[in-house]
**Student:** 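So that we are looking at the same thing, I have put the structure below in C-alpha cells.
In what follows, chains carry the letters A, B, and so on, assigned in the order in which the sequence lines appear, proteins first and then strands, with residues in each chain numbered from 1.
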Amino acid sequence: MKNADLSDLLSRMAGGDKAAFGAFYRALEKPVFRFIVSKLNDPFEAADIQHDVFMDIWRSAGRFEGRSAVKTWVFGIAYRKTMDHFRKHGRVDLTDDICDSADDSPDAVACIAATQEAEHLRFCLDQLKPQHRSAVELAFYEDMTYGEIADASDVPEGTIKTRVFHAKKLLLHCLTARMKGVAS
Amino acid sequence: MSTTPDMSREEIEALLVFLANGTLEGPERAAVEAAVEADPHLARELEALKAMRARMQDEEVEPSPGEMGLARLMRDIDRETAQPAAANQPGAPQFWKIAAVLAFGLFVAQSAYFGYMRGPEMQLAGGDDAPVATPAEHGLTVAFAGTATEADIRALLISLDLVIVDGPSALGLYTLAAPDAEARAAALEVMQTRPQLVESVE
C-alpha cells in the first residue's frame, strides 16, 4: 500500500474510523510482527508488543504530522516498544561480541551462496546488539533508506551509518568463521 | 570516475548495505558504485550483502497474530471508547460482562447436555471414528482482565492444563477446555482467586 493511502487511513482513524484501522492493520501487521519477533524469538511476547504498537497507532493517529513516511513512523513506534522490552529485561546491553577469532577475510559470499544455510545467518544476527540488528533488519527486510531508519530509530543518520558499518563487519566475520568451522 | 571526495572508506562500506537494498541514490550511489568497481574486496562484500538480504527476505517467519490480533485490538479499542460513558456508571461494564459470561455459560452447558444426549455418533467433520471430546464437556467461559498480557494468560492456562477452544467472541469471551471434570473444578477455583487476570469465569 502506498504512503498516500496509509496516510489517508491514518486521517480517517484520527476521526474514529475503525474500518480504516482494520485496513491499516492488515497492510502493516505482518512486517511489523516480523520486525518484532525476529528480535524476541518469542511469538507470544511479540504479539503483546505488536498489540501495544497498534494501540499506540490508534491513539496517536491524529498526531501524525507527515514529516516522515507512514511506514517509518510505524516502525519507529515498534522499535521503541521493542527496545523498552529489552530494557525491562536487561537485554539492551548485549554486546556485539561475535567470532573475534575470525580473520578479516569477508569471503561470506561462499558462506551464503554456497551453503544457503539460514541458520548461520540467524545465529549471527542473534549475536548483534538490538540497535545494530534493527538497523540491518530495517535495511534488508523493509528496504528502508538510512534516512528512514534514522527517523524510525530517532537517531542521527550518522549513527545509523556507524551501526550498519559495525553490524555488517561483525556479520561477515561471524559467517566466515562459522563456515570455516563447517569446512574444517 | 565520479567520486565524493569527503566520503571515508568506513562510510563507503556502510553505504554498501544501501547499495545492496537498492535505496542508495545520486552522488552517493555513484561514489559507492565506483569504489566497488575499483576494489574486488568491496565487490565481494556487496555480493555477500545481496545474498544476505535475499536470504532474509525469503526467510519463513512465525505466523503473525492476523485476524485474532485485530479482534483483540478492536476489543480494547471498544473498551477505551466505552470508558468515558462507564465513568458515569460505576461498575456497569463489569456487571455487563459478568452477565454475558453467565449467558454464554448457559449456552455452553446446553451444548454439553445436547452433546451428551446425542451420544457417541457425534464426531467432527472429516474426522475418523475415534471418539472426540467436545470442547464444552469440561468447558469454562472466561473474560480476561484488560490488563492481562498474553504471557500472563499463557502461564495461567498452562499451569491449569487448560486450552482455548474458542474465542475471543464479539464480547471478548473465551471458551476453555479442561481435560476432565476434576481439572475443570480446580481451574475454576483458582481463576476465581485471580481477579488481576480473570475478570469473570463461569
**Student:** Sort out for me which of L16(B), T149(B), L46(B), I77(B) touches chain A most, counting heavy-atom pairs under 4.5 Å.
**Tutor:** I77(B)
**Student:** Checking heavy atoms, do the side chain of L24(B), its backbone, both or neither come under 4.5 Å from chain A?
**Tutor:**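 Only the side chain of L24(B) comes within 4.5 Å of chain A.
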**Student:** Go through the atoms of E148(A) and report whether side chain, backbone, both or neither lie under 4.5 Å from a heavy atom of chain B.
**Tutor:**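 Contact with chain B involves no heavy atom of E148(A) at all.
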**Student:** So for M74(B), is it side chain, backbone, both, or neither that comes closer than 4.5 Å to the heavy atoms of chain A?
**Tutor:**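 Only the side chain of M74(B) comes within 4.5 Å of chain A.
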**Student:** Tell me, side chain or backbone of F140(A) under 4.5 Å from chain B's heavy atoms, or both, or neither?
**Tutor:** both
**Student:** Nearest 0.5 Å please: distance from the CE atom of M52(B) over to the CG atom of L121(A).
**Tutor:**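 With rounding to 0.5 Å, CE (M52(B)) is 6.0 Å from CG (L121(A)).
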**Student:** Could you look at L49(B) and say if it's the side chain, the backbone, both or neither that has a heavy atom under 4.5 Å from chain A?
**Tutor:**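 Both parts, backbone and side chain.
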**Student:** Assess whether a salt bridge exists between R154(B) and D48(A), defined as any Lys/Arg side-chain N lying under 4.0 Å from an Asp/Glu carboxylate O.
**Tutor:** no
**Student:** Check whether F54(A) gets within reach of chain B through its side chain, its backbone, both or neither, counting any heavy atom under 4.5 Å.
**Tutor:** both
**Student:** Quick one: closest heavy-atom pair of G66(B) and Y25(A), and the distance?
**Tutor:** O-OH, 2.6 Å
**Student:** For V164(A) and A14(B), work out which heavy atoms get closest and say how close.
**Tutor:**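 So the minimum-distance heavy-atom pair works out to CG1-O, 3.5 Å.
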**Student:** Could you tell me which non-hydrogen atom of K30(A) sits nearest to which non-hydrogen atom of S64(B), and how far apart they are?
**Tutor:**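 Of all heavy-atom pairs spanning K30(A) and S64(B), the closest is CG-OG, 3.7 Å.
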**Student:** Do the side chains of R59(A) and E80(B) get nearer than 4.5 Å, heavy atoms only?
**Tutor:**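 A side-chain contact under 4.5 Å exists here.
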**Student:** Using non-hydrogen atoms and a 4.5 Å limit, figure out which bit of I149(A) sits close to chain B: side chain, backbone, both or neither.
**Tutor:** side chain
**Student:** L15(B) and Y146(A): side-chain contact (heavy atoms from CB on, under 4.5 Å), yes or no, with the steps?
**Tutor:** CA-CA 8 Å; L15(B) 292 180; Y146(A) 61 79; 3.5 Å; yes
**Student:** Measuring only between side-chain heavy atoms, which start at C-beta, is D76(B) closer than 4.5 Å to W58(A)?
**Tutor:**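 The answer is no, as the side chains (C-beta and beyond) never meet within the 4.5 Å cut-off.
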**Student:** Of all of V136(A), D42(A), T145(A), I160(A), which one pairs up most often with chain B through heavy atoms under 4.5 Å apart?
**Tutor:**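 Option with the top pair count is T145(A).
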**Student:** Might you point out which heavy atoms bring A48(B) and L172(A) nearest each other, and give the distance in Å?
**Tutor:**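 For A48(B) and L172(A), the tightest heavy-atom pair comes out as CB-CD2, 3.9 Å.
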**Student:** Can you measure from OG (S8(B)) to NZ (K161(A)) and round to the nearest 0.5 angstrom?
**Tutor:** 8.5 Å
**Student:** When you look at CG of D154(A), are more than 12 heavy atoms from neighbouring residues, nucleotides or ligands closer to it than 6.0 Å?
**Tutor:**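 Result for CG/D154(A): open.
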**Student:** Do you know which of R163(A), E45(A), M55(A), Q50(A) has the most heavy-atom pairs under 4.5 Å to chain B?
**Tutor:**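 Counting heavy-atom pairs under 4.5 Å, the top option is M55(A).
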**Student:** Of the non-hydrogen atoms in T23(B) and D143(A), which two are nearest, and what is the gap between them?
**Tutor:** CG2-O, 3.2 Å
**Student:** Can you measure from CE (M56(B)) to OH (Y141(A)) and round to the nearest 0.5 angstrom?
**Tutor:** 4.5 Å
**Student:** What residue, out of R53(B), K50(B), M68(B), has the most heavy-atom pairs lying under 4.5 Å from chain A?
**Tutor:** R53(B)
**Student:** Side chains of R26(A) and E67(B): closer than 4.5 Å at any heavy-atom pair?
**Tutor:** yes
**Student:** If you count every heavy atom of other residues, nucleotides or ligands that lies below 6.0 Å from E189(B) atom CD, does the total exceed 12?
**Tutor:** no
**Student:** If I compare all heavy atoms of M144(A) with all of N21(B), which pair ends up nearest, and what's the gap?
**Tutor:**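 So the two residues come closest at O-ND2, 3.0 Å.
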**Student:** Quick one, K169(A) with E13(B), criterion salt bridge (charged side-chain N to carboxylate O under 4.0 Å, His left out). Give me CA distance, side-chain angles, the key distance, then yes/no.
**Tutor:** CA-CA 9 Å; K169(A) 196 171 178 184; E13(B) 286 200 26; over 6 Å; no
**Student:** Report yes if the side chains of E10(B) and T162(A) come closer than 4.5 Å at any heavy-atom pair, otherwise no.
**Tutor:** no
**Student:** Please report the C-alpha distance between F21(A) and L73(B) in whole Å, then the side-chain angles of each, then the deciding distance to 0.1 Å, and finally whether the side-chain contact (heavy atoms from CB on, under 4.5 Å) criterion is met.
**Tutor:** CA-CA 10 Å; F21(A) 178 71; L73(B) 284 161; 3.9 Å; yes
**Student:** Name the region of K18(A), side chain, backbone, both or neither, that has any atom closer than 4.5 Å to a heavy atom of chain B.
**Tutor:** both
